[in-house]
Every structure is written in structure tokens, then in C-alpha cells.
Asks: 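A single structure is presented below for examination.
By convention in this document, chain letters (A, B, ...) are assigned in the order of the sequence lines, proteins followed by strands, and residues within each chain are numbered from 1. These numbers come from a predicted model, not from an experiment.
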Amino acid sequence: MSEEERQHTERQRKRDTLRERGLDPYGGRFDGVRAISDVRAQAADLQLEPGTRSDRRLRVAGRIVLLRLMGKLAFLTVRDGTGDLQFGCSKADLGEQWDLLALLDLGDLIGADGVLGRTKTGELTLWADRLTVLAKALRPPPEKWHGLIDVDLRYRRRYVDLFANPEVREVFRRRSGIIQALRECLLGHGYCEVETPVLQPIYGGAAARPFTTHHNTLDIDLFLRISPELYLKRLLVGGMERVFEISRNFRNEGISTRHNPEFTMIELYEAYADYQVMMERVEQLFAAAYAVSAGHMVPARLAALEHEVARLEAKDAPDEAQQSALARSRRQLALYQQAAAGIDRGRLTTVFGEHVLDFTPPWRRARYGELLQEHAGVAMGDSAAVRARAVSLGLETNGKDDAVVINEVFESTVEPRLIQPIFVYDYPAAICPLTRRHPQDERLALRFEAFAATMELGNAYTELNDPAVQEANLRRQVAGEGDETMAVMDEDFVLALEYGMPPAGGLGVGVDRLVMLLTDSASIRDVILFPLQRPRSS
RNA sequence: GGGGGUGUAGCUCAGUCGGCAGAGCAACGGCCUUUUAAGCCGUAGGUCCCGGGUUCGAGUCCCGGCACCCUCGCCA
């Protein structure tokens with residue numbers, strides 16, 4: 001029998017013993033549970049002296065993460081969704097329940113009733129006089145100091161990752177807060193939240209390979225949406241003048257630290273606006289999201305890093321690993337100090353990787369062509385120079401449209417240098433089939449992309465509402481070759497435009513990447529609860 | 001798809017030149033009424049990712065494969 005099986009069997013034995021004693025090892029309804037964060041807040045007001053107990057009874061529940069059993073006294077550290085709290089259990093207080101402790105293990109979910117106090121070292125403690133087993137854990141939790149580190153296992157058993165690594169749970173709590181803030185921001189501007197089809201007979205609104213599926217009753221193939229764009233614009237035709245959708249999109253493409261096959265966009269359309277208005281919306285959305293995430297994360301991480309650096313500095317004879325850990329923590333600390341200083345000056349600063357980013361509006365706005373001139377040294381209109389530059393960069397240019405080559409040069413020369421938040425606007429028209437042309441220069445489209453830390457965060461247009469131009473663009477795209485094309489003609493979409501779509505601004509923001517930026521997460525997998533992975537065969 | 005890295009006990013990790021498979025945590029037995037990753041004594045636990053090869057002998061070297069991570073490519 002393997003060690004794993006032995007521990008499993010041992011815990012099953014304890015579960016059975018609980019049953020023999022008339023206790024349900026899986027608990028039941030447990031009323032009046034107080035959140036540990038609330039208990040801690042209340043304790044601050046209570047002014048408990050070390051070594052004393054209050055007379056206020058309360059009930060707390062959570063998972064045992066540490067267990068210190070000594071003769072006739074035990075301390076358990078219990079974790080709920082809001083924090084950790086020490087339970088103190090003495091043989092005198094528990095009476096006949098004392099024997100129950102022998103049947104408890106790390107990882108079990110338990111509840112306790114008792115009074116709040118402080119030990120003589122000052123640790124806040126719930127002195128329990130009654131314990132309730134709420135769920136016997138048959139599998140042991142990961143190592144208590146390091147937590148779960150193995151990246152593969154963390155994603156495959158995210159439930160373990162979440163309870164073993166509180167900072168992971170914190171990221172997802174912040175993700176929830178960010179989405180709520182985005183929603184409230186738009187509702188506050190008079191937007192209506194809608195839901196449009198995920199299963200689409202024709203896919204469009206972006207250039208990507210779709211996932212396909214099949215509906216049995218209708219006997220038709222369907223596509224999981226790569227974008228909600230064409231449906232949301234139909235709503236503009238219908239008179240819904242400000243709409244948004246928090247849209248899970250599916251793209252059958254590669255997986256990387258910035259790409260997951262299913263990802264979340266917030267996409268919005270506003271009648272009578274244009275892409276300049278959308279820039280302001282991006283700034284507003286980021287400010288709202290910042291307030292509930294990075295605005296809290298920066299001071300919290302700063303405090304944690306100060307503590308960590310102090311701990312490492314206190315070591316008398318640090319080994320090599322400790323020295324490099326100290327150096328790493330100091331670099332991090334310097335970044336967070338810089339971000340915190342920005343916050344003190346009223347700015348929306350945060351740390352992402354090696355950078356301190358400043359999201360304070362207004363963000364820099366720069367023309368696509370100017371940036372191309374600045375970083376690639378070529379003029380957008382000089383296609384010979386652009387192609388020469390592309391060749392010198394090692395890019396393949398044969399058979400590609402000028403606009404595609406321009407964009408590839410842009411992506412390899414300009415995008416890697418876009419660290420601070422920026423709006424890049426007026427894109428080459430040929431790669432923007434859904435965008436209105438620039439009134440002064442038909443080679444340009446009224447489109448911008450927002451970047452920060454070299455990541456594309458959002459994409460917006462002054463929307464094209466001329467059905468004849470739209471149809472011509474789509475036909476040209478369908479006929480075209482290469483990467484920047486949309487392969488499918490949507491005739492109903494053109495029909496909708498023929499009924500009259502108001503001039504509008506439209507915007508899509510990648511929610512996952514936004515969460516990455518505002519929680520200092522290096523991989524998109526760190527902000528998606530269950531990222532796609534190859535299934536385990538065994 | 002290319003390049004680099006990782007894979008050893010349930011978890012976190014050592015394993016030197018090719019020579020008996022190791023530690024901490026977790027587990028089990030014992031001691032312990034103020035611990036903070038509790039401590040102390042003792043016990044048990046291995047498909048060294050998988051498959052070949054070289055060798056008297058392979059966790060270690062070679063070849064092939066698998067999984068994951070990073071990176072490039074791809075990717076609005």
C-alpha cells in the first residue's frame with residue numbers, strides 16, 4: 001500500500017470512528033457562523049488584554065490548517081474564506097469532547113462555539129467549549145509552510161490551491177470585485193447589460209479560428225462565438241443605445257501566458273459616441289477597477305514585502321538561497337514603494353512584473369503612424385520603406401498586403417515598447433473592416449487599441465454604419481488571404497445596417513488581462529480559475 | 001511546431017565522479033496546559049515520469065516518448 005493510500009485509509013478509519021460515536025463526519029446546517037475577518041475587527045474594539053477572555057459567545061467555522069496538540073491543551077489554526085483564527089481547546093473546557101481531537105486532522109472542516117480571548121502571548125484565540133465536525137477530509141492538505149507549488153497540480157486541483165494558498169484566493173476575490181466595478185461603472189453611465197448568443201451559426205467580429213459544434217434537432221453546425229460584436233451592433237439598430245456584455249469568447253488558437261482558449265471580454269456600444277469617447281470609457285473603467293484591486297493590493301503587498309525583507313535580514317548566516325530571496329524581495333519592495341508613493345500623490349499607480357504602471361487619466365494618446373515613425377523609423381505611407389524594414393526584421397512579406405506588413409512591423413517594433421498605458425489610434429484601414437474610415441484620410445480607420453506593459457488591453461472603433469461600405473469590406477475580407485481576414489460573410493448583419501444603425505463608438509476590453517495587470521499576475525492562468533489543460537490519462 | 005528547463009515519498013525539496021534511496025512537513029506509536037511552521041523520543045512510507053540502450057552496476061550517462069513551465073512562432 002502506498003503512503004498516499006495509507007493516509008487515506010487512516011482518515012477513513014477516523015471517519016468511521018466518528019460515526020460510531022454518533023457524530024456525522026459531514027456535518028449539516030450550522031447557523032450563526034461568524035466570518036473570521038469580522039471576528040478580528042470586533043476583537044480590535046474589545047480591547048482584550050493578553051491572558052484574558054471575554055464573555056461574548058460566538059461561533060466560527062473553517063478548515064484546520066495547523067494543529068498543535070500537547071497533552072491536555074491544543075491550538076488549532078482554522079481558516080475560513082476571510083482569514084485565519086486560532087482555536088484554543090483545553091481538556092477542562094471540552095470535557096468529554098476532548099477525545100474528539102484525536103480524530104481530527106489537518107484539512108478537516110470544523111466549527112467551534114466558545115468565547116474570544118487572547119493567550120498570554122497576545123494571540124487572538126477562540127476558546128472552544130464545543131467542537132462540531134463539518135467535513136472529515138480524507139486527503140491530506142499540502143505541506144503547511146510552502147503550500148502547493150507544483151504548477152500543474154495547482155491548476156488541476158485548483159480547490160486545493162485555493163485553500164492552501166490564500167493569496168490565490170485573494171486574486172479571485174479581486175477579480176470578482178473588478179467585474180462588479182466594471183458593471184457598476186457602465187450601469188452608472190446608462191448602459192444596459194445584455195446577453196447575446198454563444199452558439200452562433202455564423203461567427204464574426206474578429207479574426208480567429210472558432211470551435212465548432214453541432215445541434216442535433218436542427219441538424220446544423222454551430223460555432224462558439226469568437227466575439228459578440230455583430231450581435232451587439234444589431235441591438236444598436238434595435239434602439240438599445242447603450243449596451244454592454246461581459247462575454248466569454250472562444251478562440252481555437254494557441255495557449256500562452258496571455259492566451260486561454262476561452263477568455264472574458266467586456267464589450268460595449270454607445271450610440272452617438274465615437275472612439276474618442278471610448279478612450280474616456282477605458283480610463284473610467286480602469287479607474288473603477290483599480291479602486292477595488294490594485295488600490296488595495298499595493299499597500300497590502302508593500303506591508304508583506306517589508307515584513308519579508310525584515311525577516312530575511314534578521315538571519316545571521318543566510319545561505320545562498322536566502323541571499324537571493326532577499327535580493328529578489330528587495331527589488332520587489334523597491335517597486336512597491338514607488339507605486340505606494342504614487343498613490344500618496346493621488347495617482348493610480350501599481351506594480352506589474354518589473355514595471356510601475358500609472359493608470360491615472362488621461363493616458364497618453366499617440367497616432368499609429370507617429371509611433372511607427374518613432375520606433376521603426378519608417379513612414380506608414382511609404383510602403384517600400386516599410387517592406388524593407390520588415391525584411392530587415394526578418395519578417396516574411398511575400399504575398400502579404402501592405403497593411404498587413406505595416407502591422408507586423410508595428411507589432412515587432414512598437415508594441416514591445418508600450419509600457420505605460422497608452423491609446424494608439426488611427427490604424428491602417430485595410431485591417432479594420434468594421435471601422436469607419438478617417439474623414440481626412442481614407443487609408444486610416446477610426447480605431448484605437450489600448451496597451452500597457454506591452455499587452456493589448458482593448459480595442460475600439462468609431463463604428464462603421466454604412467451598409468454599402470460594410471458589405472464591400474466584408475466581401476473583400478472573405479476573398480482575401482492571410483492572417484488579418486475574417487473568413488465569413490454575415491448577410492443578416494449587413495441587412496441590419498440597412499435598417500439604420502446610429503453612429504456609435506464601440507469598445508472591447510480583455511477582462512483577464514485587466515485582472516492580470518491590476519493583481520500583478522504574470523500568467524493569464526493565474527486569473528482564470530480553471531484554465532484549459534490537457535486531461536490526465538491515468 | 002522550434003529552443004531551453006523541470007519530473008525522486010501524499011507535499012516541499014536534496015542526491016557530489018555511475019557504487020546500499022535521503023531530509024523536512026504530513027502519517028503512525030509515545031511524552032507534553034500557552035503553542036505560533038510548537039517541541040522531544042520512536043516507527044513506517046519509493047514504478048526515482050514511461051520505454052529502450054551503454055555498463056559488473058544507472059535516480060545519475062545515451063536514445064525515444066509523455067506531462068508541465070518558460071520562450072519564440074502562431075494568435076485582433
Asks: Rounded to the nearest Å, what distance is computed from the CZ atom of residue A:Phe211 to the P atom of nucleotide B:C75?
Replies: 16 Å

Asks: Rounded to whole Å, how long is the line connecting atom CD of A:Glu415 with atom P of B:C75?
Replies: 13 Å

Asks: Between A:Asp512 and A:Arg258, is there a salt bridge with N-O shorter than 4.0 Å?
Replies: no

Asks: Between A:Arg447 and A:Tyr427, is NZ or CZ placed under 6.0 angstrom from the six-membered ring centre and within 45° of the ring axis?
Replies: yes

Asks: Counting only side-chain N and O atoms of A:Arg6, is one of them less than 4.0 Å from OP1 or OP2 of B:G45?
Replies: no

Asks: Could you tell me how far apart A:Ile255 (CD1) and B:C69 (C1') are, to the nearest whole angstrom?
Replies: 13 Å

Asks: Any salt bridge between A:Lys233 and A:Glu229, counting N to O under 4.0 Å?
Replies: yes

Asks: Tell me what A:Trp127 touches on the nucleic acid: a base, only sugar-phosphate, or nothing, going by heavy atoms under 4.0 Å.
Replies: base

Asks: Considering only the P atoms, how many Å lie between B:C25 and B:G42, rounded to the nearest integer?
Replies: 13 Å

Asks: For A:Glu10, report the nucleic acid contact type (base, sugar-phosphate, nothing); a contact means any heavy atom under 4.0 Å.
Replies: sugar-phosphate

Asks: Roughly how far apart, to the nearest Å, are B:U54 and B:A21 at atom P?
Replies: 22 Å

Asks: Output a table of nitrogen or oxygen pairs between the protein and nucleotides 6-11 of chain B separated by less than 3.5 Å.
Replies:
residue	atom	partner	partner atom	Å
B:C11	O2'	A:Glu143	N	2.9

Asks: Nearest whole angstrom, please: distance from the P of B:U36 to the CH2 of A:Trp145.
Replies: 12 Å

Asks: Please report the distance separating the P of B:U6 from the corresponding atom of B:G52, rounded so that it comes out in whole Å.
Replies: 24 Å

Asks: Say we look at B:C49 and B:C69: how far apart would their C1' atoms be, to the nearest angstrom?
Replies: 15 Å

Asks: Is it the case that the side chains of A:Arg436 and A:Gln470 hold a donor-acceptor pair, with the cut-off being a distance below 3.5 Å and no angle test?
Replies: no

Asks: Applying the Watson-Crick and G-U wobble criteria at under 3.5 Å, what pairs with B:U34? Answer none if nothing qualifies.
Replies: none

Asks: Does OP1 or OP2 of B:C75 have a side-chain N or O of A:Ser256 closer than 4.0 Å?
Replies: no

Asks: How do A:Ser523 and A:Arg209 order along RNA chain B: which one's closest nucleotide is nearer the 5' end?
Replies: A:Ser523

Asks: Is it true that A:Tyr461 and A:Tyr275 have ring centroids separated by less than 6.0 Å?
Replies: no

Asks: Does A:Tyr427 make a side-chain donor-acceptor contact with the base of B:A76, cut-off 3.5 Å?
Replies: no

Asks: Using purine N1 to pyrimidine N3 plus N6-O4 or O6-N4 for Watson-Crick, or N1-O2 and O6-N3 for G-U wobble, both under 3.5 Å, which nucleotide pairs with B:A67?
Replies: B:U6

Asks: Any carboxylate oxygen within less than 4.0 angstrom of a Lys/Arg side-chain nitrogen, looking at A:Glu123 and A:Arg118?
Replies: no

Asks: Considering Watson-Crick and G-U wobble pairs with both distances under 3.5 Å, what does B:U43 pair with?
Replies: B:A27

Asks: Quick one: label A:Glu456 by what it contacts on the DNA or RNA (base, sugar-phosphate, nothing), any heavy atom closer than 4.0 Å.
Replies: sugar-phosphate

Asks: If the P atom of B:A67 is compared with that of B:G22, how far apart are they to the nearest Å?
Replies: 33 Å

Asks: For a quick check under 3.5 Å, do A:Ser392 and A:Arg389 share a side-chain donor-acceptor pair by atom type?
Replies: yes

Asks: In whole Å, I'd like the distance from the CG atom of A:Asp152 to the C1' atom of B:C49.
Replies: 12 Å

Asks: Strictly by Watson-Crick or wobble contacts shorter than 3.5 Å, is anything paired with B:U55, and which nucleotide is it?
Replies: none

Asks: Give the rounded distance in Å between these two atoms: CG of A:Leu124 and C1' of B:U36.
Replies: 13 Å

Asks: Taking the C1' atom of each, how far is B:C56 from B:C40, in whole Å?
Replies: 46 Å

Asks: Return yes if the base of B:U35 and the side-chain atoms of A:Thr119 contain a donor-acceptor N/O pair under 3.5 Å, otherwise no.
Replies: yes

Asks: For the C1' atoms, the ones on B:U16 and on B:G73, what distance do you get once it is rounded to whole angstrom?
Replies: 40 Å

Asks: Within the pair A:Arg68 and B:U34, is there a side-chain N or O less than 4.0 Å away from OP1 or OP2?
Replies: no

Asks: Taking the six-membered ring for Trp, are A:Trp363 and A:Phe286 closer than 6.0 Å centroid to centroid?
Replies: yes

Asks: Taking any strand in view, what nucleotide pairs with B:C48 in a Watson-Crick or G-U wobble way, both distances under 3.5 Å?
Replies: none

Asks: Please state the P separation for the pair B:G46 and B:G30 - nearest whole angstrom.
Replies: 23 Å

Asks: Looking only at the aromatic ring of each residue, does the gap between the centers of A:Phe223 and A:Phe211 stay below 6.0 angstrom?
Replies: no

Asks: Can you work out whether A:Asn459 or A:Val151 has the more 5'-proximal nearest nucleotide on RNA chain B?
Replies: A:Val151

Asks: Answer with yes or no whether A:Glu123 presents, from its side chain, a donor or acceptor under 3.5 Å of a partner atom in the base of B:U34.
Replies: no

Asks: Using a heavy-atom cut-off of under 4.0 Å over every strand shown, decide if A:Arg11 touches base, sugar-phosphate, or nothing.
Replies: nothing

Asks: Partner lookup for B:C13, please. Criteria are Watson-Crick or G-U wobble with both distances under 3.5 angstrom; report none if nothing qualifies.
Replies: B:G22

Asks: Rounded to whole angstrom units, what separation is found between the CZ atom of A:Phe423 and the P atom of B:A76?
Replies: 22 Å

Asks: With A:Arg158 as the cation and A:Phe530 as the aromatic partner, state whether NZ or CZ is under 6.0 Å from the six-membered ring centre and within 45° of the axis.
Replies: no

Asks: Taking only N and O in the side chain of A:Arg513, is any of them less than 4.0 Å away from OP1 or OP2 of B:A76?
Replies: no

